[in-house]
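One structure below.
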2 protein chains.
Amino acid sequence: MSDVNERLKQFARYLDDQGLRYTSQRRVIAEAFYGSGKHLSLNEVLELARDKQGSIGFATVYRTMKLLAESGLAIEHRFDEDGVRYEPAGHDHHDHLICNRCGRIIEFEDEVVERRQEQVAKELGFRVASHRHEIYGECLRDPCPYESQSSQGRVTGVADTAARN
Amino acid sequence: MSDVNERLKQFARYLDDQGLRYTSQRRVIAEAFYGSGKHLSLNEVLELARDKQGSIGFATVYRTMKLLAESGLAIEHRFDEDGVRYEPAGHDHHDHLICNRCGRIIEFEDEVVERRQEQVAKELGFRVASHRHEIYGECLRDPCPYESQSSQGRVTGVADTAARN
DNA sequence: TTGTATGCAAAGATTTTGCAGCATC
DNA sequence: GATGCTGCAAAATCTTTGCATACAA
């Protein structure tokens, strides 16, 4: 929670720097986003935000998430199918393991891979700015193996977390 | 070219196996796709195909590329922005370096990374089925550094290749 | 013939934008 | 007041699908 407040403060500061306003909607949206799980779609954020303030519109969520992305406080992901998904940022970088069955998203980070890719890029005359590394497969722990053939339709919204941090 | 013909033959065989027809459109589309560069969008494939047979429609390209993807002869990519992009498949797996300036796409493959990710996934109780690894940055060689501020609008279609193989 | 394939246009799904009214400075 | 924000609805994109017609087996 302290973490959430920290984010809100950073967001407020960013808005102020840009001469923009920290409105109640923006606060509610950011709160919903940071307070909940991770990797949310716009509609998921909208739903959460509406739990707190029923009148919020999709466009506002859309624009607010863009602001968060611009400010660097959120990262826009385009995983395989589906549309855009946002992830709280600011922590250190990490990559993803995505379960093809239950849709769970596990985060990971690996120094070996990180260093090695820098090396590879360098060898090919390329300067690295960012990267994405996603591994698809099946998670073998927790309540997935292999997804109680029913509940979710496929890669859904709710995203878990694990590993690192 | 021998390679293109090889692909066409494989495609024809796949269609036959499925009880589908190897029509002139499908041949032209596959030819255009395999004969040209890599990582093409549907519209790019359409344009190339129309150079050979002006009457081809978008829907036919759309459906043909789906067939190629299903057959495993092409891979559907969803790089950052933009929409879907297809890449000729059948070779061994590889990943991508994408230049943020000129849009060039460089392919690479690295045993160290490949093995390491298997390891990481295993440690997290995850079985790997596939993965994507994309590095974004700037290419420092050839005619890019840094893109003669004009020509291309941004990440475009034409894709180069390099490294490995 | 008989079942596919094609091309066009319409339908869907998402993502963006325009605007009138509201809120904040 | 002036400028920025919101919510709604319309617009713009992209991706899929329905269908009548054209083909291939």
Side-chain angles (χ1 to χ4, degrees), chain A residues 11-12 14-32 39-47 49-71 74 76-86 153-157, chain B residues 11-32 39-47 49-50 52-71 74 76-86 153-157:
Chain A
F11 186 34
Y14 172 78
L15 291 174
D16 194 47
D17 286 350
Q18 305 292 308
L20 301 175
R21 292 165 190 166
Y22 185 48
T23 64
S24 78
Q25 286 93 332
R26 286 176 180 171
R27 181 177 48 67
V28 165
I29 290 168
E31 253 176 35
H39 309 99
L40 303 178
S41 69
L42 287 174
N43 281 313
E44 287 164 352
V45 175
L46 174 63
E47 204 173 311
R50 280 187 166 162
D51 286 345
K52 304 193 178 189
Q53 191 176 128
S55 60
I56 288 182
F58 177 83
T60 301
V61 171
Y62 170 81
R63 289 184 276 228
T64 298
M65 295 312 292
K66 284 288 184 203
L67 285 173
L68 284 171
E70 281 166 26
S71 75
E76 262 188 27
H77 281 292
R78 284 183 140 79
F79 293 120
D80 250 2
E81 307 284 326
D82 312 315
V84 179
R85 229 165 240 292
Y86 289 87
R154 219 185 67 67
V155 174
T156 59
Chain B
F11 186 34
R13 197 177 316 135
Y14 173 77
L15 290 173
D16 194 48
D17 285 352
Q18 306 291 309
L20 301 176
R21 292 164 191 168
Y22 185 48
T23 64
S24 77
Q25 286 93 332
R26 286 176 179 171
R27 180 176 50 66
V28 165
I29 291 168
E31 252 175 34
H39 309 98
L40 303 178
S41 69
L42 287 174
N43 281 314
E44 288 163 351
V45 174
L46 174 62
E47 204 173 310
R50 280 186 167 164
K52 304 191 178 190
Q53 192 175 126
S55 61
I56 288 181
F58 177 83
T60 302
V61 171
Y62 170 81
R63 287 184 275 228
T64 298
M65 295 313 291
K66 283 288 184 203
L67 285 173
L68 284 170
E70 281 166 24
S71 74
E76 262 188 27
H77 281 293
R78 283 182 141 79
F79 293 120
D80 251 2
E81 306 286 325
D82 313 312
V84 180
R85 228 166 241 292
Y86 289 87
R154 222 187 64 69
V155 175
T156 60

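Everything numeric here is computed off the predicted structure, so don't read it as measured data. Note: hydrogens, waters and symmetry copies are ignored here, and every other heavy atom, side chains too, is used. Reminder, nothing fancy here: chain letters follow the sequence lines and each chain counts from 1.
A distance-only check finds no donor-acceptor pair linking the side chain of A/Arg78 to the backbone of B/Arg78 [under 3.5 Å]. A donor-acceptor pair under 3.5 Å is absent between the side-chain atoms of A/Arg85 and the main chain of A/His77, judged by distance alone.
The NE2-P distance, from A/His77 to C/dT15, rounds to 15 Å in whole Å. The distance between atom CZ of A/Arg50 and atom C1' of D/dC8, rounded to the nearest whole Å, is 11 Å. The CD1 atom of B/Ile56 sits 18 Å away from the P atom of D/dA22 (whole-angstrom rounding). Summarising the geometry, the separation between CG on B/Asn43 and P on D/dT13 is reported as 12 Å, rounded to the nearest angstrom. Summarising the geometry, the separation between CD on B/Gln18 and P on D/dA25 is reported as 16 Å, rounded to the nearest angstrom. Residue B/Leu46 contributes atom CG, which lies 10 Å from atom P of C/dG7 at whole-angstrom precision. Distance CG (A/Asp16) to P (D/dC5): 12 Å, rounded to an integer number of Å. Rounded to whole Å, the distance from CE on B/Met65 to P on C/dA5 is 17 Å.
B/Tyr14 contributes atom OH, which lies 9.0 Å from atom CG of B/Leu68 (distance to the nearest 0.5 angstrom). In this structure, CG on A/Leu40 lies 11.0 Å from CG on A/Asn43, to the nearest 0.5 angstrom.
Two residues, B/Gly19 and B/Thr60, neighbour DNA chain C, and the one matched to the more 5' nucleotide by heavy-atom proximity is B/Gly19. Ranked by how close their nearest DNA chain D nucleotide is to the 5' end, B/Arg21 and A/Leu20 are led by A/Leu20. Between B/Ser24 and B/Leu42, the one whose closest nucleotide on DNA chain D sits nearer the 5' end is B/Leu42.
OP1 or OP2 of D/dG7 has at least one side-chain nitrogen or oxygen of A/Gln25 nearer than 4.0 Å. Side-chain nitrogen and oxygen atoms of B/Arg26 include at least one within less than 4.0 Å of the OP1 or OP2 phosphate oxygen of C/dT6. Contact check, A/Thr23 against D/dC5: no side-chain N or O comes under 4.0 Å of OP1 or OP2. Contact between the side-chain N/O atoms of B/Lys66 and the OP1/OP2 oxygens of D/dT16 is found at a separation under 4.0 Å.
Ranking D/dG7, D/dT15, C/dC25 by closeness to the B/Tyr62 side chain, first place goes to D/dT15. Side-chain proximity of B/Arg63 to C/dC8, C/dG3, D/dG7: nearest is C/dC8.
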Distance-only check: which donor-acceptor pairs under 3.5 Å involve side-chain atoms of residues 49-59 of chain A, not counting sequence neighbours?
unit_1: A/Arg50; atom_1: NE; unit_2: A/Ile56; atom_2: O; d: 2.7
unit_1: A/Arg50; atom_1: NH2; unit_2: A/Ile56; atom_2: O; d: 2.9
unit_1: A/Lys52; atom_1: NZ; unit_2: A/Glu31; atom_2: OE1; d: 3.2

